[in-house]
Amino acid sequence: MKKRNLRGAVVAGAAAAALLLTSCGFGGGGGTSDGGSSGSAGAVTTLDMLVPSYSDGTKALWEKVIKDFEAANSDVKVNLEMQSWENIEGVLKTKIQGNKAPDIYNGGAFAEFAAEGLLAPVTDVASEATVADFQPSFADNEKVDGTQYGLPLIASARALFYNKTLMKEAGITDVPKTWDELYTASKAISDKTKSDGYGMPLGNEEAQGESMIWFAGNGGNFGTGTAIEVDTPANLEAADFMQKMIKDGVTQKDPGATQRTPMLNTFIQGKLGFAYALPQTIGQIKTENPDLEYGVAPVATKTGTPATLGVADRLMSFKNDGSKAASVKKFMDYFFSADVYTNWVSTEGFLPTTKSGGEKLAGDETLKPFLDMLPSAVFYPTTNPAWNATDGAFKSLMGQIATGKSAADVLKEIQAKADAAK
Amino acid sequence: MSVSTAQKRPAKRKSAREGASFLAALPWIGPALLLIFTIVVFPAGYMIYNSTRKISQVGTDLKGVGFDNFAKVFADPNLPRILLNTVVWVVVVVTLTVVISLALAQFLNKPFPGRTLVRMAVIVPWAASVVMTTTVFYYAMDPNYGIFNKFLTDIGLLDEGFGFTKNAVPAMAVAIVIAVFVSIPFTTYTILAGLQAIPGETLEAARVDGAGRWRTYISVILPQLRGALAVAVLINIINVFNNLPILKIITGSIPGYSADTLMTYIFKVLQFDRRLDISSALSVVNFAIVLVIVAIYVKTVKPMKEV
C-alpha cells in the first residue's frame with residue numbers, strides 16, 4: 001500500500017515538474033489596470049515609457065530629456081524602461097495582454113495596433129503646432145485610413161561603406177555603383193587580400209534590411225499598405241544575385257547566421273571590404289578606429305539608378321483608459337520642440353523628421369550623404385497589418401539562401417507566412 | 001490536476017474517518033495546494049485554453065476555433081525535422097550525461113587527497129548561470145574572434161575560424177556538449193549519494209564470493225543505484241527536453257528551422273510569427289509528449305520498485 005502511494009506521488013510530482021517547466025514561457029496574464037491612479041487634479045501622473053536602445057548612449061539621452069521635462073512639469077513623472085530591439089516587441093505584447101500597455105512607446109510597426117483601436121490618434125497626444133511641424137512625407141507614412149497614429153521620431157537610410165585600403169590592395173579604383181561592379185570588387189578583395197569582400201548580414205537582426213536594400217536595387221519592395229508582395233520576379237532576381245555572391249565566396253562566411261552589429265565591427269576593424277551601414281556607423285568609426293580609411297557612397301543597384309532602404313521609427317501612445325492623454329501631450333510637445341529634438345536626433349546620428357529640426361541640421365556634413373539619399377528611399381510597408389509577420393518571416397527564414405535552399409523557395413516560404421497573417 | 005487525484009485515491013479507498021483526517025490536514029497542505037494551483041495548474045489551463053482560440057498578432061483574443069490550431073501544428077512541414085532534432089537532443093544529452101556521471105561519481109566516491117576540492121569543482125557548472133556559461137562558449141566558438149577558433153588555427157588544425165555555431169549540425173553538437181557540461185553536477189551528486197548508501201557488507205560479500213571488479217560493479221553496485229539513477233534520468237529528460245537557454249543562444253542565429261527542437265520552435269513561432277495561439281497549441285503538444293515519456297518511464301523502469 002505504502003509503495004503504491006509513493007509511486008503515485010512520484011508520478012504526480014513529475015507531472016507537476018513537467019507542467020512547471022513547460023509552462024515557463026507563460027508571461028503573466030490577469031494583470032490589473034493601473035489607470036485609476038491619476039484621478040484628482042494636482043496629483044502626479046506617472047507615464048510608462050517603453051523604448052528600445054539605438055546605441056549605448058540612448059538611455060542617457062532619454063534620461064536627460066526626462067529629467068529636464070520633469071523639472072519643468074512637476075505634475076508628471078516618466079517611468080523609463082529600456083529594451084533591446086530583439087526583445088522590445090515581445091515585452092510590449094506581454095504588457096498589452098496584461099492591460100499595461102505603455103503610455104509612450106518607441107517602435108517600428110504600428111498599423112496592427114491602430115487597426116485594433118489600441119493607439120491614441122496624434123491629435124489627442126500632441127498639440128496642433130507639433131503635429132504640423134512634421135515633414136508631410138513622414139507624416140503620411142504614419143497614417144492608417146487617414147488618421148495619423150505615430151509621431152515620426154527618426155529617419156535613417158543605408159549607404160555603402162567601403163574600405164579604401166583594401167580596395168587599393170586589391171587594385172580596385174572605382175567605387176562600385178552596380179551589382180556586377182560590387183561583385184567584381186568584392187571578389188578581388190576576397191581573392192587578393194586576407195579580408196572578406198562584401199559583408200552580408202542575413203541573421204535575424206538585419207535579414208529584412210539587407211534583403212530590402214537588394215530588392216530596392218532592382219526596383220522591388222515588400223509590397224504596400226494593403227498587400228504584402230515578397231515573391232515577385234524583381235525580388236527573386238535580387239535574391240538570386242545575393243545567393244550568387246554567397247555561393248561564389250565573395251561574402252564573409254555563414255552570411256545566414258551573421259548579425260549586423262558584430263559584422264560592422266569587423267568593417268570598423270578594417271577587415272571587410274564593403275558593407276551597407278547607417279549614419280551612426282560614422283560616429284562609431286570616429287570613436288573606435290579613427291584611422292580607418294573609408295568612404296560612404298550610394299547603394300549599388302542593378303542598373304546604377306539610386307535606391308536605398310529608408311527607415312522611420314515613431315513614438316506612439318497606447319490609449320489605455322485615456323486618462324493620461326493630457327500628460328502625454330505635455331511630454332510630446334516638450335520633446336519635439338526644436339532644441340530638445342535636434343539634440344536627441346543628432347546625438348544618435350539619425351536624420352530629423354520635423355521641419356524645424358531639418359532647418360537646424362541642414363549644415364551637418366556627417367549627415368549630408370544620407371540626407372541626399374532620402375528622396376530615393378524605399379520604406380517598409382509598416383502600415384500593413386501583416387508587416388510584423390513578414391518582418392519576422394524575413395528574420396527567421398531569409399538566411400536560408402546561404403544554407404543551400406533555393407531563393408525561389410525561400411521567398412515562397414516568406415510569402416506564405418505573410419499571407420497566413422492576414 | 002494529477003496532484004489532487006493522487007491525493008484523492010487513497011482517501012476514497014480508506015474509511016470515512018480517514019477522509020475526515022484529510023480535511024483536518026487541509027489547513028497545513030492548503031498553502032502548498034494554492035501555490036501549485038496558481039503557478040502550475042492555472043497557467044497550464046490558460047495555455048490549453050489559448051490553444052483553442054484565435055488570437056491576433058498583438059495579443060487580443062478574437063474567437064474560439066476548436067482544434068484548428070492543432071490541425072495547423074500537425075500539418076506543419078517543419079514538424080518532422082523538429083521532432084527528430086528533439087529526440088536526438090534528449091537521447092544524446094541524457095545518455096552522455098548519465099554515463100559520464102556514473103564514472104565521475106565512482107571516482108569521487110574513492111578517498112584521495114584533495115577529494116573535497118574536486119567535489120566542489122564539479123559543482124561549478126551547476127552554480128553558474130546557464131545563460132552565462134553558454135554565452136562564454138558561444139563567444140569562444142565565434143569564427144572571427146573566438147578563443148577556441150583562434151587556438152585551432154594557431155595549432156594549425158584549421159586554416160581560418162570555423163563557424164561552429166553558424167551551421168545546424170556543428171551548432172547542435174556544441175549545444176549538446178554544453179548541455180552535458182551543465183547537467184553533470186546534478187547527476188553526479190545524485191549518483192554519488194546513491195553510491196554512499198550502498199552497504200559495505202554487500203561489496204565485501206561479492207569479494208568473498210570471488211567476483212571481479214567489473215562483475216561487482218554490474219551485478220552489485222549498479223542494481224543498488226537503481227533509485228538514484230531513476231531520479232537522475234527522469235529529471236534530466238524533463239530538463240533537457242524543455243531546455244531553451246542553451247539552444248536559443250547557440251543555435252538561435254541559424255536561419256530556418258533545421259536546428260530547432262520543439263522548445264525553440266515554440267519560441268520562434270511566438271517571437272517571429274507572433275502566433276500566440278499556435279505556440280500555445282505547440283506547448284500543449286510539448287506538454288503531452290513529456291507526460292507520455294514520464295508515464296512510459298514510470299511504467300517500464302518502475303523507479304520505486306525495491307531491489
Side-chain angles (χ1 to χ4, degrees), chain A residues 1 3-26 29 89-90 93-94 96-97 112-113 116 118 202-205 207 252-254 256-259 262 266 271 385 388-389 391-393 395-403 405 417 420-421, chain B residues 1-3 5-7 9-10 36 39-41 43-44 46-47 56-60 142-144 160-163 165-168 234-235 238-239 241-242 244 252-258 266-268 270-276 279 283 286-287 290-291 294-295 298 302-306:
Chain A
M1 198 70 217
K3 228 193 286 177
R4 272 199 76 91
N5 287 352
L6 252 175
R7 195 191 300 174
V10 166
V11 176
L19 264 169
L20 195 65
L21 290 165
T22 42
S23 59
C24 58
F26 181 80
E89 284 171 343
K93 189 149 63 178
T94 312
I96 292 176
Q97 267 203 308
E112 48 180 22
F113 305 125
E116 295 202 15
L118 297 172
L202 293 180
N204 56 24
E205 182 186 5
Q252 85 285 17
K253 276 190 307 290
D254 304 315
T258 301
Q259 308 292 35
T266 59
K271 295 177 189 164
N388 267 348
D391 181 39
K395 285 177 173 159
S396 61
L397 300 172
M398 189 62 190
Q400 290 178 110
I401 66 166
T403 57
K405 204 162 184 172
K417 289 258 186 204
Chain B
M1 301 158 273
S2 33
V3 175
T5 52
Q7 264 142 357
R9 202 197 301 149
I36 288 172
I39 67 166
V40 178
V41 180
Y46 197 59
M47 169 181 88
S56 82
Q57 289 192 24
V58 297
T60 38
D142 187 280
N144 293 319
E160 48 178 359
F162 177 73
T165 56
K166 311 286 181 185
N167 299 290
L234 189 62
I235 303 259
I238 298 175
N239 237 333
F241 190 86
N242 287 324
L244 180 68
S253 64
I254 293 172
Y257 307 114
S258 55
I266 292 172
F267 203 82
K268 277 191 180 170
L270 191 63
Q271 190 181 23
F272 295 125
D273 299 357
R274 294 147 193 270
R275 294 302 299 268
L276 240 151
S279 56
S283 303
N286 188 67
F287 176 50
V290 175
L291 274 193
V294 171
V298 170
K302 298 194 170 60
M304 298 316 293
K305 197 179 137 200
E306 279 152 33

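Every chain is numbered from 1 and lettered A, B, ... according to where its sequence line falls, protein lines coming before strand lines.
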**OP:** Provide the closest heavy-atom pair for A:E112 versus B:R274 in the form atom of the first, atom of the second, distance.
**Re:** OE2-NH1, 4.3 Å

**OP:** Heavy atoms only, distances under 4.5 angstrom: which of A:A393, A:A257, A:G203, A:G90 has the most pairs with chain B? Name it, please.
**Re:** A:A257

Original post:
Are A:K253 and B:K166 side-chain neighbours, meaning at least one heavy-atom pair lies under 4.5 Å?
Top reply: no

Subject >> Heavy-atom pair count under 4.5 Å with chain B, highest-scoring of A:L397, A:T266, A:L202 >> reply: A:L397

Subject >> Side chain / backbone / both / neither for B:N167 at chain A, heavy atoms under 4.5 Å >> reply: side chain

Original post:
Do you know the tightest heavy-atom contact between A:G256 and B:P255?
Top reply: O-CD, 3.3 Å

Original post:
What pair of heavy atoms forms the shortest contact from B:S253 to A:Q259, and how long is it?
Top reply: CB-NE2, 4.2 Å

Original post:
Measuring heavy-atom distances to chain B, does A:S396 have an atom under 4.5 Å in its side chain, in its backbone, in both, or in neither?
Top reply: both

Subject >> Non-hydrogen side-chain atoms of B:L276 and A:Q97 separated by less than 4.5 Å >> reply: yes

**OP:** Go through the atoms of A:E205 and report whether side chain, backbone, both or neither lie under 4.5 Å from a heavy atom of chain B.
**Re:** neither

Original post:
Atom CG in A:N204, atom CD1 in B:I254: separation rounded to 0.5 Å?
Top reply: 11.0 Å

Original post:
How long is the span from the NZ atom in A:K395 to the NZ atom in B:K268, to the nearest 0.5 Å?
Top reply: 13.5 Å

Subject >> Structural part of A:L118 lying under 4.5 Å from a heavy atom of chain B >> reply: side chain

